[in-house]
**Q** 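I have a structure here, written as structure tokens, and I will follow up with some questions on it.
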Amino acid sequence: MPLIYLVVAALVIGFEQLIQWKYGPMGIIAFLALTIGIKAKNTMIGGIGAVILVMLLAH
């Protein structure tokens, strides 16, 4: 079980680094807002993060 948590944590960190490398600090802010919005069940924060990510991807 702890091995699964370690693998998931490594994947999340790797994904965050990929976003920051490709889309810069704004990408990591959008990803964090989306994640916080989902975990807190706050649609406004999650929506803001999703919109920023879409705008960065549409670039």
Side-chain angles (χ1 to χ4, degrees):
M1 196 67 131
L3 181 62
I4 293 171
Y5 293 137
L6 185 62
V7 170
V8 170
L11 288 174
V12 168
I13 291 172
F15 185 68
E16 286 180 1
Q17 291 298 319
L18 176 69
I19 288 176
Q20 187 171 2
W21 170 72
K22 193 165 185 175
Y23 300 109
M26 205 55 188
I28 202 73
I29 291 170
F31 179 70
L32 287 174
L34 181 62
T35 304
I36 291 170
I38 290 172
K39 288 195 183 261
K41 296 181 181 172
N42 187 332
T43 55
M44 189 173 92
I45 294 175
I48 290 171
V51 167
I52 294 172
L53 277 177
V54 167
M55 288 172 44
L56 288 172
L57 292 173
H59 181 295

**Q** Give a yes or no on whether Met55 and Leu53 share a hydrophobic cluster (residues Ile, Leu, Val, Met, Phe, Trp, Tyr; joining criterion: side-chain heavy atoms under 4.5 Å apart).
**A** no

**Q** Name each donor-acceptor pair under 3.5 Å that joins a side chain in residues 29-43 to protein atoms two or more places apart or in another chain, with its distance.
**A**
{"residue": "Thr35", "atom": "OG1", "partner": "Phe31", "partner atom": "O", "Å": "2.8"}
{"residue": "Asn42", "atom": "OD1", "partner": "Met44", "partner atom": "N", "Å": "3.1"}

**Q** Within this structure, what is the CG-CD1 distance for the pair Leu18 and Ile13, rounded to the nearest 0.5 Å?
**A**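 That separation rounds to 14.0 Å.
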
**Q** Please list all pairs passing the ring-ring contact (aromatic ring centres under 6.0 Å, His included) test where one or both residues lie in residues 38-58, with sequence neighbours left out.
**A**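 Passing the test, one end in residues 38-58: no pairs.
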
**Q** Any chain of hydrophobic side-chain contacts (each under 4.5 Å) joining Leu56 to Trp21?
**A** no

